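Take a look at this one; I'll ask things after.
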Amino acid sequence: MTIARVIVDVPSRDTDRAFDYTIPERLQGWVEIGSRVAVPFGPRKLQGIVIGLAEDADVELAKLKPIEEVLDALPPLSPELVELGEWMSRRWLCPLTVSLQAMLPAALKGRSEKYVFPAAGAQWSDEETARSGGLLLALRKGKPLKLAMLLQQYPEQGAALKRWLRQGRLEERQRVEDKSSGKTVYTVFPADAETLLKAVEEIPARASKQREVVRYLAENNDPIAVARLAAEASTTSATIRSLEERGLLEIRSVTEERDPYADRDFTASNPMVLTPKQATALAPIVDALNERSSEAFLLHGVTGSGKTEVYLQAIQRCLELGREAIVLVPEIALTAQLVERFKSRFGALVAVLHSRLSNGERYDEWRKIREGRAQVAVGARSAIFAPFSSIGLIVIDEEHETSYKQEESPRYHAREVAIERARLHGAAVVLGSATPALETYEAAAHTRGGSQSGLGKIGYIGLPERVANRPLPGVQIVDMREELKLGNRAMFSRSLAAAIKDRLEKQEQIVLLLNRRGYATFVMCRSCGYTAACPHCEISLTYHRGSSNLRCHYCGYSEAEPKTCPSCESPHIRFFGTGTQKVEEALAEAFPGIRVIRMDVDTTTEKGSHERWLTEFRERRADVLLGTQMVAKGLDFPYVTLVGVLAADSALRLPDFRAPERTFQLLTQVAGRAGRHELPGEVIIQTYDPEHESITSVQGHDYQGFVERALLLRKQLGYPPYGRLIGVTFSHESAAMLLSIGGQFASGLRERAMELGIRKEFDSTGASALEVLGPVSSPIARLKDRYRFQCMVKYRGDVDASLLVSRVLGEIGEAAKRGGVQISVDVDPQMML
DNA sequence: AGCACGCCGACT
DNA sequence: GTCGGCGTGCTC
């Protein structure tokens, strides 16, 4: 008897283990590791993933319930992805179902739905009917209705529904449903009649049902739905399945496909001739591919050095070897321009996965991969889970981007998942960036010395020059304090204003970066000092001019623009700080006739708007592309010769040890947008802190220098990559409980560390150390009506802090649950806020 | 996480 | 007496 070990879709600590089920006869052969199944669980019916099959497991069979259904013709996950999920849940301390669920396309994240319908012979009095406000009339039409929908439509009838269900006058039924709208039919594609007839002889006489099916198919040699064929031959799908194993037929899920790129022509492109530098960069990657060794490389190339062509040719080689490739790109860089580059080189072999596709479209692309019709997957973070079976190469472009870390559970980092997945496949990893993350750089620089970062060995490949020897743009730093002294109170310095005017005359283009959206960043009353804050979060509200309201950028709350102070009714209420909307206005004022495209979260929510703006800019229907960091990444426009940064230090003062690194990276990236083609580029950076290293290093394009100094500082303070962090956040609607639960966690962890003889101090001896900071109120003390406290665990890489933390959480979990305190754990947090 | 079961106050 | 409040414990 085979037992299936199933992870049910209940994301909690208590249920984070496999539950055993029997496999009923009709599903024999369909249940595999990675199958998605519907199972009974207590009184409910749930979706689950099979993570193991055990022959006659050591359990009381009588206690086991059978699997109810297998939900896909092909298991959506492979044993390798299940293993990867197990690794993830250990690495980032999340329930296994959460990491497995993260690998499925949204269309397959079916939830179970409850339906209710009247029991046979159930009666209701006229009075009850009248009081139900139409509910009973709807129900008595006979069709089962969704319980969730009824509760939403008749909110007052909840109690009545419950009563009737208990009394048995209503019945409920639960089904696990897919979200995908496209209809899927599992279809049998038979081999040709001749092959089938020949094969009949070889099928053992005992397998009479199989023979019958084959004879049927020999006569009716057309594709037929699995269910119909089973009915036709009065047998079960298990029979058909074994025929598939004999190679006499193929079962495929057939759907109407939506190809989001169907209406577009891609002109074929051939490999370009590599520069000698590019060729040198490519060589070690190709060596690794040929040897099938799971090596990782940092491809450190300045902006415009032609990294993409290196990726393309590495992928080419990978495909020639009959293996598949994954390319990760930051979401906002995943533009038509980039997709086109891959499509034109590899054609229909490319599947594209990004968040702007509908669930259905995404599911189609995902199936192309699963069914082997695509060999290259290009996508954002979650494309790292592309269901390939033989991966040869994983490329992560702009590997330093923060978007590779998922900010909700599972809080994984795609870079690390890539390295682990590559290890399982014997695949090469290429991490490309002009400004590598300090963690990556350190791992590459000290690969021989033994790195603390946890990334393992990384080979270093440098690409220090732009193609065709185009110079890097000149960078000018403007001290805005000097401007103020000279009486210039405008938001554009004299040199930036002059440069803008010059480009307008020459009909060249300009990119302007300001990392704050909205119009004004805070609202204050000059009489009483009142500032407008979100009632749900401890965050000041941002004024948006178009809609004349104040908005919270954390929870989306908005309120009307105040005319007088809500606190003292003084009319002296003023808007402070500059956002992109205000810059747009100032540009129009200072340069009449200027054509500006503003690109930020507010103007790009609509589907396709992002690409539309970029196309408009590329076609030079605008002079200025003004925006938040989304204008800094990966864009390549030949006529951009000026890049202006309005407030370079805006992110520098955040209470986050990575703030200087982020600032340097952002400035370098945006500077790289200028002068990428024939026309030379110029960059003007405005700041109130012109001496700051994050800014001065951009001027000299001095990554090396910046990084060496930053790493030294990190080492002194025990921050990553030399020490590591785990952030634990406790939240509750009231603050009262948080300090005590947080305190219990901190002291519990300190005790455990002491027992194991782990030192508290980080010192030069290099001995294991672990330190617990907090609990303290989080930098954002309240978010969406919940107060937040946090602890930060700082430790050296040789301490298994994850294990310690999960043990302590196990101890205090009960108390936290009773008190209603939510705990979220972030291993290797990327944002300190 | 849900959902049932169980033991307590406020209604017909 | 019953309805429904939410604390507790279990789900193969």
Side-chain angles (χ1 to χ4, degrees), chain A residues 1-24 27 31 33 35-70 89 93-102 109-116 125 127-128 131-132 146-148 150-152 155-177 408-410 731-734 737 809-810 812-825:
Chain A
M1 185 66 154
T2 310
I3 307 298
R5 319 206 62 225
V6 176
I7 297 295
V8 293
D9 188 17
V10 179
S12 107
R13 200 171 293 283
D14 306 356
T15 49
D16 189 23
R17 62 196 172 87
F19 288 85
D20 297 328
Y21 289 86
T22 56
I23 302 168
L27 298 179
V31 178
I33 291 179
S35 292
R36 205 165 56 104
V37 291
V39 290
F41 195 65
R44 296 184 285 166
K45 189 193 286 187
L46 294 176
Q47 188 189 116
I49 304 282
V50 177
I51 61 153
L53 297 170
E55 238 12 90
D56 205 84
D58 191 19
V59 284
E60 295 162 70
L61 286 177
K63 269 177 66 182
L64 302 190
K65 293 181 183 174
I67 288 177
E68 209 142 300
E69 237 179 306
V70 175
S89 77
L93 296 176
C94 67
L96 181 50
T97 186
V98 172
S99 55
L100 293 176
Q101 219 62 38
K109 286 172 201 168
R111 302 223 33 93
S112 72
E113 282 286 358
K114 273 192 163 175
Y115 287 82
V116 279
S125 70
E127 199 208 328
E128 281 175 319
R131 252 191 308 159
S132 76
K146 270 187 197 170
L147 182 62
L150 289 174
L151 288 173
Q152 199 182 13
E156 283 95 61
Q157 302 295 324
L161 275 169
K162 227 183 216 172
R163 196 166 53 242
W164 294 330
L165 280 165
R166 203 174 22 226
Q167 292 166 351
R169 293 154 88 189
L170 284 181
E171 279 181 39
E172 63 184 344
R173 192 165 56 201
Q174 214 169 5
R175 289 177 38 189
V176 174
E177 292 182 332
E408 60 200 50
S409 187
S731 73
H732 194 274
E733 284 163 26
S734 92
M737 206 115 183
L809 286 180
I812 65 158
E814 202 53 35
K817 203 177 153 191
R818 260 200 306 281
V821 174
Q822 243 177 50
I823 305 179
S824 93
V825 185

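This one's a predicted model, so the numbers in the text were calculated from it and none came from an experiment. Reminder, nothing fancy here: chain letters follow the sequence lines and each chain counts from 1.
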Separation of dC10(C) C1' from K65(A) NZ (nearest whole Å):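 Rounding to the nearest Å, NZ of K65(A) and C1' of dC10(C) are 11 Å apart.
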
Is it true that K817(A) and D14(A) make a salt bridge, defined as a side-chain N closer than 4.0 Å to a carboxylate O?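 The answer is yes: the pair qualifies as a salt bridge.
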
Tell me, do T97(A) and V8(A) make a side-chain contact under 4.5 Å, heavy atoms counted?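 A side-chain contact is absent here, since even the closest heavy-atom pair is not under 4.5 Å.
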
Give the rounded distance in Å between these two atoms: CD of E814(A) and C1' of dT8(C).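 Rounding to the nearest Å, CD of E814(A) and C1' of dT8(C) are 9 Å apart.
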
Has K63(A) got a side-chain N or O lying under 4.0 Å from the OP1 or OP2 atom of dC12(C)?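 No, K63(A) has no side-chain N/O under 4.0 Å of OP1/OP2 on dC12(C).
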
Considering every strand and a 4.0 Å limit on heavy-atom distances, what is the contact class for Y21(A): base, sugar-phosphate, or nothing?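 Result for Y21(A) = sugar-phosphate.
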
Between C1' of dT11(C) and CD of Q174(A), the distance in whole Å: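 My rounded result for the distance is 13 Å.
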
By nearest atom, which of the nucleotides dA1(B), dC12(C), dC3(B) is closest to the R17(A) side chain?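 So the nucleotide nearest the side chain must be dC12(C).
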
Starting at atom CG of L147(A), determine the distance to atom C1' of dC3(B), rounded to an integer number of angstrom.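 In whole Å, dC3(B) C1' lies 13 Å from L147(A) CG.
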
Starting at atom NZ of K45(A), determine the distance to atom P of dG2(B), rounded to an integer number of angstrom.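 Between P of dG2(B) and NZ of K45(A): 17 Å.
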
Do the side chains of V31(A) and I67(A) get nearer than 4.5 Å, heavy atoms only?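 Yes, close enough: below the 4.5 Å cut-off.
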
CG of L46(A) versus P of dG2(B): gap in Å, rounded?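 Distance, rounded to whole Å: 9 Å.
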
Give one of base, sugar-phosphate or nothing for R818(A), where a contact means two heavy atoms less than 4.0 Å apart.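 Counting heavy atoms under 4.0 Å across all strands, the contact made by R818(A) is with sugar-phosphate only.
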
Atom-pair distance (NZ on K114(A); C1' on dC3(B)), nearest Å: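 Rounded to the whole Å, the gap is 7 Å.
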
Across the strands shown, which category fits R13(A) at heavy-atom distances under 4.0 angstrom: base, sugar-phosphate, nothing?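 It contacts nothing in the nucleic acid.
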
Taking atom C1' of dA1(B) as reference, at what distance in whole Å does atom CD of Q822(A) sit?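 One finds 12 Å between C1' of dA1(B) and CD of Q822(A), rounded.
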
Is there side-chain contact between L46(A) and D9(A), with heavy atoms separated by less than 4.5 Å?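 Side-chain contact under 4.5 Å: no.
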
Output yes if the stacking criterion (under 5.5 Å between centres, under 30° between planes) is met for F19(A) over the base of dC12(C), else no.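 Whether judged by distance or by angle, F19(A) falls short somewhere, so it does not stack on the base of dC12(C).
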
Options dC12(C), dA4(B), dT11(C), nucleotide nearest the side-chain atoms of L64(A):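 Of dC12(C), dA4(B), dT11(C), dC12(C) is nearest to the side chain of L64(A).
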
side-chain contact (heavy atoms from CB on, under 4.5 Å) evaluation trace for Q174(A) with R44(A): CA-CA 7 Å; Q174(A) 214 169 5; R44(A) 296 184 285 166; 3.9 Å; yes

